[in-house]
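Scroll down for the structure; my scribbles are underneath it.
Both backbone and side-chain heavy atoms feed into the values below; hydrogens, waters and symmetry mates do not. It should be emphasised that the depicted structure is a prediction, and the values quoted were computed from it without experimental measurement.
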Amino acid sequence: AIVNFLCVEGANQKGRVPLYDVKLEEYSVTNKFAFKIIWKENGKKNEIILAAKSEEDMQSWCTALMRQKLLIEDTINSIEF
C-alpha cells in the first residue's frame with residue numbers, strides 16, 4: 001500500500017510513500033507536532049516530514065500509519081511462493 005500526499009488540502013497529489021518496511025520517527029526541528037517517514041527505494045534513502053495541527057492529530061496519524069504498515073508487512077511476509 002502507498003500513502004499519497006498533498007502539500008495543501010485540495011491540491012494535486014505531490015508524491016507517494018510506500019508503507020512496507022518504513023520507519024516512523026518524531027521530528028521536532030520545525031514543528032512540535034511533526035513526524036518523519038523514512039524508507040528506501042531503489043537503494044536510495046527517502047524521507048518526508050509531515051506536520052499535524054495538534055499532538056492528538058499527530059498521534060492519530062502515526063497510529064493509523066503504523067497499523068496499516070504492520071498489516072501490509074504481515075500480509076506480504078505471509079505470502080508463500
Side-chain angles (χ1 to χ4, degrees):
I2 293 174
V3 173
N4 297 315
F5 63 91
L6 316 169
C7 288
V8 178
E9 188 173 342
N12 290 332
Q13 175 183 316
K14 293 293 183 184
R16 299 165 59 140
V17 177
L19 291 179
Y20 182 79
D21 199 27
V22 300
K23 288 181 10 181
L24 295 174
E25 293 181 359
E26 188 173 339
Y27 185 82
S28 59
V29 174
T30 59
N31 181 311
K32 63 182 178 178
F33 306 124
F35 61 97
K36 179 167 47 173
I37 302 173
I38 304 166
W39 73 99
K40 280 192 175 183
E41 191 170 15
N42 299 324
K44 179 184 170 197
K45 180 181 173 183
N46 297 283
E47 59 184 48
I48 183 169
I49 299 162
L50 303 171
K53 293 179 183 179
S54 68
E55 174 76 22
E56 184 178 316
D57 283 349
M58 182 185 76
Q59 292 300 326
S60 292
W61 271 103
C62 287
T63 299
L65 288 169
M66 187 58 75
R67 284 182 181 163
Q68 192 66 30
K69 167 193 166 13
L70 294 173
L71 176 66
I72 291 163
E73 289 174 350
D74 285 347
T75 302
I76 290 174
N77 293 337
S78 70
I79 297 172
E80 295 182 25
F81 294 96

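Nearest heavy atoms, Met58 versus Ala52: N-CB, 3.5 Å. Taking all atoms of both residues into account, the shortest heavy-atom contact from Lys69 to Leu19 is CG-O, 3.4 Å.
Of the candidates Ile76, Leu71, Asn77, Glu73 forms a side chain to side chain contact (heavy atoms under 4.5 Å, CB included) with just one, namely Asn77.
Cluster membership for Met66 and Phe35, using ILVMFWY side-chain heavy atoms within less than 4.5 angstrom, is shared. Grouping the Ile, Leu, Val, Met, Phe, Trp and Tyr side chains by contacts below 4.5 angstrom, directly or via other members, places Tyr20 with Leu24. Residue Ile72 is grouped with residue Leu70 when hydrophobic side chains (ILVMFWY) are merged at heavy-atom distances under 4.5 angstrom, including chains of intermediate members.
Between Asp21 and Lys40, the closest side-chain pair of non-hydrogen atoms is not below 4.5 Å.
Residue Glu56 places its CD atom among 12 or fewer non-hydrogen atoms of other residues, nucleotides or ligands, all under 6.0 Å distant.
Here the straight-line distance linking atom CD of Glu47 with atom CH2 of Trp39 works out to 8.5 Å at 0.5 Å rounding. Atom CD1 of residue Ile37 and atom CD1 of residue Ile49 lie 10.5 Å apart, to the nearest 0.5 angstrom.
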